[in-house]
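Read through the structure below, which is laid out as structure tokens, and then see the notes.
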Protein chains: 2
Amino acid sequence: MQVLALKENQDVVREGDRPSRSCLILSGFVCVYKITGEGKRQIVTFNIPGDIPDLQSLHLKVLDTSVGTITPCSVGFIPHEALHDICIRHPRIMSAFWRETLIDSAIFREWMTSMGRREAYGRIAHLLCEMLVRMKAVGLAEDLACNLPITQAEFGDALGLSTVHVNRILQELRANGLIELKGDRLNILDWDRLKEEGGFDPTYLHLEREREAS
Amino acid sequence: MQVLALKENQDVVREGDRPSRSCLILSGFVCVYKITGEGKRQIVTFNIPGDIPDLQSLHLKVLDTSVGTITPCSVGFIPHEALHDICIRHPRIMSAFWRETLIDSAIFREWMTSMGRREAYGRIAHLLCEMLVRMKAVGLAEDLACNLPITQAEFGDALGLSTVHVNRILQELRANGLIELKGDRLNILDWDRLKEEGGFDPTYLHLEREREAS
DNA sequence: CGGTCATTTGATGATCATCAAAGTCCGTGG
DNA sequence: CCACGGACTTTGATGATCATCAAATGACCG
């Protein structure tokens, strides 16, 4: 596995590429995004250490999204050949990889629900809940706080909102005593109300390790 | 495989279920959806014959979405046990199933982009393009026409719009000579402009069968 | 032929985008 | 050490897109 250090705001892979390897995030934040015909950006997910943002390229030859860094990152590249080998020889590991991509899918479904049917206030609350829970799952968060190096413009691109609107909603969330968010630091002051406002239910993240049937 | 005939507007499986089988759509239209805390519905995808809307339940024990019929349907239920058996014995088939779920994922990403960064007009145009291409891929469409038994309320729930707004945009699309849409019948009059307006690029559907590397 | 469901129309207002500019923070170089 | 520059955040003002409510019309079906 080749390991690269990348600066912030760099593309790891680009829509249209036909990569022969997938990238494992070792440290830092990345996002998966698309650019529309009119040049607008939609971030479809954030990825944190432990994630493989383009694992799908193992089976879908042409990338339909780009992956870009948000912070400086350390990224490991795993040749598809090696992944295929492992998968053929160890069906259980193949299942585990498959399962990871299914969880990504579940996150997409939840984001769609946010964008389609929650207004900005709940949408942001929901995303903050998700990020904290995911960061905790990989040991990168304390009980109610974590680093969250995401700019307001990036929040906007992820949630389908303008930067200005994100800014105003964040101020509301702060004014209502739900969060502190300054620089890279997120501090959740009222977890229950934040969950409530975002309609957040972590089931979709499928975090409890479940015994496989086979 | 057990086959059931279902009426329209019936749930096949429900969020929270822990199914021991997955459902293959043999005929009819279904949708995958979530209900938010405030009782709003978000349809995250439509499924047509040949699709397996809850294949993910093979690896994710708790369903995070419901599947409901849109029209009368014929649905086949395949026990997870049988699927696991096939997967263990035929890694290539396992890969093929995995690939199907990855394409679902790609569709989710595209829908997110629509909802976040396209306005209603383009959003509807895009969905119409997608549905025609997918219907053609399973032999259920002519060159520029197909059955599309989706109500305006369902369009709204899929696109994050109100029924009223969907209605008005559809009238615009008709007035501009892009489509005919009456009852269950969709007729595309100007494919190029419809594609253009929706920013539609079918790459994300990954329809060209690609040779596997292994 | 009434009844249900889907579509259509009109009117009003909320949410959110856009544009422009000012303010803050922080690293860099003179 | 301070000035400069750049990225990010904040503020204000205006208007477009879209939701909501209510009601009418049309289509289909037993």
Side-chain angles (χ1 to χ4, degrees), chain A residues 7-10 29 31 36 38-43 68-72 114-127 147-175 179-186 197, chain B residues 7-10 29 31 36 38-43 68-72 114-127 147-175 179-186 197:
Chain A
K7 281 181 295 191
E8 65 202 39
N9 275 26
Q10 254 190 300
F29 266 63
C31 65
T36 70
E38 289 120 28
K40 300 190 178 184
R41 179 169 76 157
Q42 177 67 43
I43 293 177
T69 61
I70 288 187
T71 64
S114 259
M115 296 214 292
R117 290 304 184 211
R118 281 192 260 266
E119 46 191 48
Y121 193 82
R123 227 181 281 181
I124 295 188
H126 189 281
L127 178 56
N147 279 344
L148 197 66
I150 297 175
T151 67
Q152 296 181 0
E154 286 157 351
F155 274 120
D157 285 344
L159 297 166
L161 299 169
S162 68
T163 307
V164 172
H165 204 58
V166 168
N167 181 279
R168 291 185 169 125
I169 303 292
L170 284 176
Q171 288 179 54
E172 265 190 73
L173 285 165
R174 284 187 278 240
I179 61 164
E180 276 172 12
L181 180 59
K182 195 173 167 63
D184 292 0
R185 195 76 197 152
L186 169 67
E197 294 290 355
Chain B
K7 281 180 295 192
E8 65 201 38
N9 275 25
Q10 255 190 301
F29 265 64
C31 66
T36 69
E38 289 118 28
K40 301 190 176 182
R41 179 169 75 156
Q42 176 66 44
I43 293 178
T69 62
I70 287 185
T71 65
S114 260
M115 297 213 293
R117 290 302 183 213
R118 281 193 259 265
E119 46 190 49
Y121 193 82
R123 228 181 281 182
I124 295 188
H126 188 280
L127 179 56
N147 279 344
L148 197 64
I150 297 175
T151 66
Q152 295 181 1
E154 286 157 350
F155 274 121
D157 285 345
L159 298 167
L161 300 168
S162 69
T163 307
V164 172
H165 203 59
V166 168
N167 181 279
R168 291 186 168 126
I169 302 291
L170 283 176
Q171 288 179 54
E172 265 192 72
L173 285 166
R174 283 187 281 241
I179 61 165
E180 276 172 13
L181 180 58
K182 195 173 168 63
D184 291 2
R185 195 76 196 150
L186 169 67
E197 295 288 356

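In the text below, chain A, chain B and the rest are named by the order of the sequence lines, each starting its count at 1.
Here A/Leu170 lies out of heavy-atom contact (under 4.0 Å) with every strand. Heavy atoms of B/Gly156 sit nowhere under 4.0 angstrom from any nucleic acid atom.
Here the C1' atom of nucleotide C/dG13 and the NE2 atom of B/His165 are 15 Å apart, to the nearest Å. Atoms CG (A/Leu161) and P (D/dC18) sit 14 Å apart, rounded to a whole Å.
Contact between A/Leu161 and A/Arg123 at its shortest, heavy atoms only, is CD2-NH1, 3.6 Å. Across all their heavy atoms, B/Arg174 and B/Leu181 have their closest contact at NH1-O, 2.6 Å.
A salt bridge does not link B/Lys40 to B/Asp157: none of the charged side-chain nitrogens sits closer than 4.0 Å to a carboxylate oxygen.
Applying the 4.0 Å criterion to OP1 and OP2 of C/dT9, one finds that B/Gln171 has a side-chain N or O inside that range. For the OP1/OP2 pair of C/dT18 and a distance below 4.0 Å, the side-chain nitrogens and oxygens of A/Lys40 include at least one atom meeting the criterion. In this model, the phosphate group of C/dT8 is approached by a side-chain N or O of B/Arg174 to a distance below 4.0 Å at OP1 or OP2.
Of the candidates C/dT8, D/dA13, C/dC16, the closest approach to any side-chain atom of A/Arg168 belongs to D/dA13. The nucleotide whose nearest atom lies closest to any side-chain atom of B/Thr151 is, among D/dA19, C/dT7, D/dG12, C/dT7. The side chain of A/Ala120 has C/dC16 as its nearest neighbour among C/dC16, D/dA19, C/dT8. Counting only heavy atoms from C-beta on, B/Val164 has its side chain closest to C/dG10 among C/dG10, C/dA20, C/dC16.
B/Thr36 OG1 to B/Gln42 CD: the interatomic distance, rounded to the nearest 0.5 Å, is 9.5 Å.
Residues B/Asn167 and A/Arg118 both approach DNA chain C. Their nearest nucleotides, taken by heavy-atom distance, put B/Asn167 toward the 5′ side. With the nearest nucleotide of DNA chain C identified for both B/Ile150 and A/Thr163, B/Ile150 has the one nearer the 5' end.
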